[in-house]
Amino acid sequence: MGVDAGKALSQNPALTTASMESIQSIISFLLSKDIQHKDIPRIISMCPKILTSDINSQLDPVFDFLSHDLKVPDHSFRKVINKCPYLLTASVVDQLKPTLFYLRRFGLKDLKALAYQEPVLLVSSVEKSLIPKLRYLESLGFSKDEVKDMVLRCPSLLTFNIEVNFRPKFEYLVGEMGKKLKELKEFPQYFSFSLENRIKPRHMEVLQSGINLPLSLMLKSTDQEFRELIEQGVGDIH
């Protein structure tokens, strides 16, 4: 199958007693749901628990959830599962539906975007992951309404780690770049860019050029567009 057996067994010891017949039935089931053979190694490697899941009580309900609750057509199951294989081992009753209810109540109404772009949010703990991230953003000085607006414009904010992503990037933003909360409020996508590979290098070039570029223009522009902005001196001169 192209799966690292040692890693799979360490993550799911129950595989040692699983029959070849049961494993094959699960693979056949996934293939019947538009998952392709070439997808199987990656999906199983990421989530070997799938191979010991019960088709009727665990796997099938997930596809029903995708179809009925997220309005994902059958031919698009593959896209969603490849984006987040962990959906297949999540409890529909205890995890997926409650989290979807919370996200919709929060204001995330675009089911298509949630399904195809940020399905990982559905397997995130509301109490242990989503709420702490919202509270952290508020602790930076944003109001609840401002945080809500930022998240609705950039749902991926709720997928970022506080210590690995939010904190170091915010500290660099205010400490090294001297930016204000207003600019971050207007461009929350700032957190989606790499600190070491994008933010710092471009900030240093902007600093050396003596011009002042808005965050969005500095980070969203392609390498060629950014080079042209620097060469042309586009922006406010310091």
Side-chain angles (χ1 to χ4, degrees), residues 1-106 108 111-133 155-156 158-165:
M1 289 171 58
V3 176
D4 185 328
K7 183 178 179 180
L9 289 169
S10 67
Q11 293 181 13
N12 184 12
L15 277 170
T16 58
T17 57
S19 68
M20 289 299 297
E21 182 180 7
S22 66
I23 290 177
Q24 187 55 53
S25 66
I26 289 173
I27 299 301
S28 297
F29 173 77
L30 294 178
L31 295 176
S32 74
K33 295 297 183 180
D34 199 45
I35 308 299
Q36 297 184 11
H37 279 285
K38 62 182 180 180
D39 304 323
I40 299 298
R42 175 179 172 276
I43 290 174
I44 300 303
S45 294
M46 288 182 65
C47 200
K49 186 180 176 182
I50 293 170
L51 294 180
T52 54
S53 298
D54 183 85
I55 292 176
N56 294 324
S57 65
Q58 294 175 293
L59 297 180
D60 206 28
V62 172
F63 288 98
D64 285 340
F65 170 80
L66 294 179
S67 178
H68 298 134
D69 294 79
L70 287 184
K71 310 303 179 186
V72 176
D74 294 1
H75 62 79
S76 295
F77 285 157
R78 176 178 180 242
K79 183 177 182 179
V80 178
I81 296 302
N82 273 325
K83 186 77 173 179
C84 183
Y86 297 104
L87 286 167
L88 292 175
T89 57
S91 167
V92 172
V93 174
D94 298 328
Q95 174 68 51
L96 300 181
K97 286 197 173 186
T99 304
L100 176 60
F101 176 78
Y102 174 83
L103 291 172
R104 296 186 73 171
R105 187 179 62 179
F106 181 79
L108 287 172
L111 295 180
K112 186 175 181 180
L114 182 59
Y116 299 130
Q117 298 174 25
E118 308 298 343
V120 68
L121 290 179
L122 295 168
V123 297
S124 301
S125 168
V126 172
E127 295 295 331
K128 296 180 180 180
S129 179
L130 302 184
I131 292 178
K133 291 171 184 177
S156 61
L158 293 180
T159 69
F160 300 145
N161 182 281
I162 292 176
E163 297 302 327
V164 175
N165 189 306

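What you see is a predicted model; the values in this text were computed from it and never measured.
- The closest donor-acceptor contact from the side chain of Ser45 to the backbone of Arg42 lies at 3.5 Å or more, if one exists at all.
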Does the side-chain contact (heavy atoms from CB on, under 4.5 Å) test come out yes or no for Leu70 and Val80, once each step is laid out?
CA-CA 11 Å; Leu70 287 184; Val80 178; 5.6 Å; no
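- Checking side-chain atoms of Thr52 against main-chain N and O of Lys49 turns up a donor-acceptor pair under 3.5 Å.
- Taking both residues in full, the closest heavy atoms of Pro132 and Ile162 are given as O-CD1, 3.8 Å, listed atom of the first, atom of the second, then distance.
- For Phe29 and Phe63, the ring centers are positioned less than 6.0 Å apart.
- In terms of modelled atom types and a separation under 3.5 Å, the side chain of Gln95 and the main chain of Leu87 share no donor-acceptor contact.
- A 6.0 Å sphere centred on NZ of Lys97 holds no more than 12 heavy atoms belonging to other residues, nucleotides or ligands.
- The two atoms that bring Asp4 and Gly6 nearest to each other are OD1-N, 3.1 Å, heavy atoms only.
- Between Leu31 and His37, the closest heavy-atom pair is CD1-CE1, 3.2 Å.
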For Leu30 and Leu88, run side-chain contact (heavy atoms from CB on, under 4.5 Å): C-alpha distance rounded to whole Å, both residues' side-chain angles, the deciding distance at 0.1 Å, then the answer.
CA-CA 10 Å; Leu30 294 178; Leu88 292 175; 4.0 Å; yes
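- Seen from the ring of Tyr116, Lys83 does not count as a face-on cation partner, given the 6.0 Å and 45° thresholds.
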Please test Tyr86 against Met46 for side-chain contact (heavy atoms from CB on, under 4.5 Å), starting from the C-alpha separation and ending with a verdict.
CA-CA 8 Å; Tyr86 297 104; Met46 288 182 65; 3.7 Å; yes
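- The closest donor-acceptor contact from the side chain of Ser10 to the backbone of Lys7 lies under 3.5 Å.
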